[in-house]
Amino acid sequence: MKTVDRLDRNNIPKHIAIIMDGNGRWAAKHGKPRVMGHENGVESVRAVVEGAGEIGVKHLTLYAFSTENWDRPKAEVEALMALLVHAIEAETQELNKNNVRLSVIGCVDVMPENVQAKLQGCVDALQNNTGLNLVLALSYSGRWDVLNAVKKLAGDLANNKITQEKINNELFQNYLSTAELPDPELMIRTSGEFRISNFLLWQIAYSELYFTNKLWPDFRKEDLFEAIIDYQNRERRFGKTSEQLTS
Ligand code: FPP
């Protein structure tokens with residue numbers, strides 16, 4: 001039986017987030033420079049976007065560049081920026097054909113202007129699509145997101161737009177970069193590391209976490225489907241008891 005046919009189509013996560021890790025190790029394993037790992041990682045991005053779209057996932061958030069990634073060697077940062085621009089140029093048409101929309105979360109203002117322009121061009125070109133929403137987390141970190149939200153909220157408090165009593169989970173999440181998105185039901189990390197690495201900290205409070213040893217450039221649609229099948233076999237209790245869920 002094909003992996004895709006083992007999926008319960010009535011229980012597909014609406015939002016999946018992925019920490020794409022292991023590009024450098026993949027390159028080392030193949031005796032190639034690190035940047036080749038990132039280049040091959042783009043093929044995996046293409047595969048998961050296609051797979052997620054096929055089975056009706058609504059939002060797919062990819063951790064493509066963290067706030068901390070700015071501290072990598074200059075040449076690697078530049079190569080990643082160039083790769084991003086190249087990938088956008090090469091993929092926009094295909095994404096459009098597949099009815100994919102693009103969104104970006106993160107402190108994008110600090111990215112090189114040509115990258116910002118390319119991203120905006122792609123977001124604009126795909127804005128009317130109604131299929132998968134591909135969310136790229138760029139210059140993103142969970143702590144940045146929370147602090148940014150706190151700053152905006154503090155401003156609204158100071159301007160009397162809101163009152164302190166009104167602050168609750170729902171209100172707070174409207175200040176996050178993910179305000180338009182449901183929390184991810186499933187978060188995947190590749191490469192055998194068991195860390196969240198400052199990704200969607202607030203949003204993953206009740207996400208199911210899935211870790212695989214596969215290095216990101218080896219990750220394909222079937223691996224995404226396997227992760228979803230694993231998710232579908234979990235009992236999500238949200239703090240309740242198992243009995244409460246079944247009664
Ligand atoms: C982590 O692997 C990966 C990154 C920091 C970059 C991810 C970027 C891509 C997959 C390519 C561009 C993306 C898009 C959306 C077109 P690592 O370098 O930390 O690997 P290591 O831990 O093995 O060194």
Side-chain angles (χ1 to χ4, degrees), residues 16-53 57 59-96 98 100-108 111-112 114-123 125-126 132-142 144 187-200 211-221 223-224:
I16 299 176
I18 308 184
I19 302 176
M20 309 181 287
D21 195 16
N23 294 354
R25 276 161 286 164
W26 184 93
K29 201 173 120 187
H30 291 83
K32 296 184 161 138
R34 287 181 60 82
V35 65
M36 291 295 288
H38 300 313
E39 276 180 34
N40 281 274
V42 177
E43 187 56 45
S44 308
V45 171
R46 196 178 294 130
V48 293
V49 168
E50 207 182 281
V57 174
H59 312 276
L60 177 70
T61 301
L62 303 179
Y63 205 9
F65 193 87
S66 73
T67 309
E68 290 76 20
N69 286 152
W70 289 114
D71 296 330
R72 290 197 172 192
K74 193 164 167 266
E76 184 169 340
V77 171
E78 284 174 359
L80 275 166
M81 294 299 138
L83 190 59
L84 199 56
V85 168
H86 181 260
I88 293 166
E89 280 170 352
E91 304 297 331
T92 304
Q93 218 181 343
E94 188 65 17
L95 292 170
N96 198 28
N98 291 330
V100 175
R101 201 153 48 93
L102 180 74
S103 330
V104 180
I105 57 170
C107 187
V108 187
M111 307 210 45
N114 68 318
V115 180
Q116 290 187 45
K118 277 282 171 226
L119 282 165
Q120 195 53 54
C122 188
V123 168
L126 306 180
L132 176 73
N133 175 26
L134 170 62
V135 185
L136 292 185
L138 289 166
S139 192
Y140 178 88
S141 71
W144 166 83
M187 176 178 279
I188 299 169
R189 183 176 189 144
T190 58
S191 90
E193 305 285 0
F194 299 96
R195 284 191 294 277
I196 301 303
S197 296
N198 212 352
F199 198 21
L200 304 160
F211 299 97
T212 168
N213 286 331
K214 275 260 168 103
L215 302 174
W216 179 249
D218 291 327
F219 197 85
R220 287 294 174 269
K221 257 187 220 190
D223 301 302
L224 175 71

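In each ligand, atom 1 is the first atom listed, and ligand 1 is the first ligand listed. The analysis underlying the following values was restricted to heavy atoms, covering all of them including side chains, and did not include hydrogens, waters or symmetry mates.
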When the ring planes of F199 and Y63 are compared, do they come out parallel, tilted or perpendicular, using 30° and 60° as the limits? parallel
To check your reading of the model: name the closest protein heavy atom to atom 10 (C) of ligand 1, its residue, and the distance in Å. N23 ND2, 3.5 Å
Among E39, E91, E94, find the residue that satisfies the salt bridge (Lys or Arg N to Asp or Glu O under 4.0 Å) test when tested with R46. E91
Would you call V85 and E89 a side-chain contact if the rule is heavy atoms closer than 4.5 Å? yes
For L136, take its heavy atoms, then give the atoms of ligand 1 lying under 4.0 Å from any of them. 15 (C)
With no hydrogens and no angle check, is any side-chain donor or acceptor of R189 less than 3.5 Å from a backbone partner on R195? yes
Protein residue, atom and distance nearest to atom 1 (C) of ligand 1, heavy-atom basis: M20 O, 3.1 Å
Without swapping roles, check the side chain of N96 against the backbone of Q93 for a donor-acceptor pair under 3.5 Å. no
Should you measure from each heavy atom of R25, which atoms of ligand 1 turn up under 4.0 Å away? 21 (P), 22 (O), 23 (O)
If you measure only the distance, is there a donor-acceptor pair under 3.5 Å linking the side chains of W216 and S191? no
Is the number of heavy atoms from other residues, nucleotides or ligands within 6.0 Å of NE2 (H86) greater than 12? no
Location of contacts on N69 toward ligand 1, heavy atoms closer than 4.0 Å: side chain
Among protein heavy atoms, which lies nearest atom 24 (O) of ligand 1, and at what distance? R34 NH1, 3.1 Å
Contacting atoms of ligand 1, where contact means under 4.0 angstrom from a heavy atom of A64: 6 (C), 7 (C), 8 (C)
Under 4.0 Å from one or more heavy atoms of A87, ligand 1 contributes atoms 16 (C)
Within reach of ligand 1, part of E193 (heavy-atom separation under 4.0 Å): neither
Just to be sure I read this right, does ligand 1 sit under 4.0 Å from the backbone of W216, its side chain, both, or neither, counting only heavy atoms? side chain
To the nearest 0.1 Å, how far is atom 11 (C) of ligand 1 from its closest protein heavy atom, and which atom is that? H38 O, 3.7 Å
Is the closest N or O pair between D21 and ligand 1 shorter than 3.5 Å? yes
Quick check: are there more than 12 heavy atoms from other residues, nucleotides or ligands sitting under 6.0 Å from NZ of K221? yes
Would you say V42 and L83 make side-chain contact, with heavy atoms under 4.5 Å? yes
Mark up the atoms of ligand 1 that fall under 4.0 Å of a heavy atom belonging to R72, in ascending order. 5 (C), 17 (P), 18 (O), 19 (O)
Is the backbone N or O of T67 less than 3.5 Å from a side-chain atom of S141, with the two atoms forming a donor-acceptor pair by type? no
For atom 12 (C) of ligand 1, which protein heavy atom lies nearest, and how many Å away is it? V42 CG2, 4.1 Å
Could you list the atoms of ligand 1 found under 4.0 angstrom from a heavy atom of G24? 17 (P), 18 (O), 20 (O), 21 (P), 23 (O), 24 (O)
Return yes when G22 approaches ligand 1 closer than 4.0 angstrom through a heavy atom, no otherwise. yes
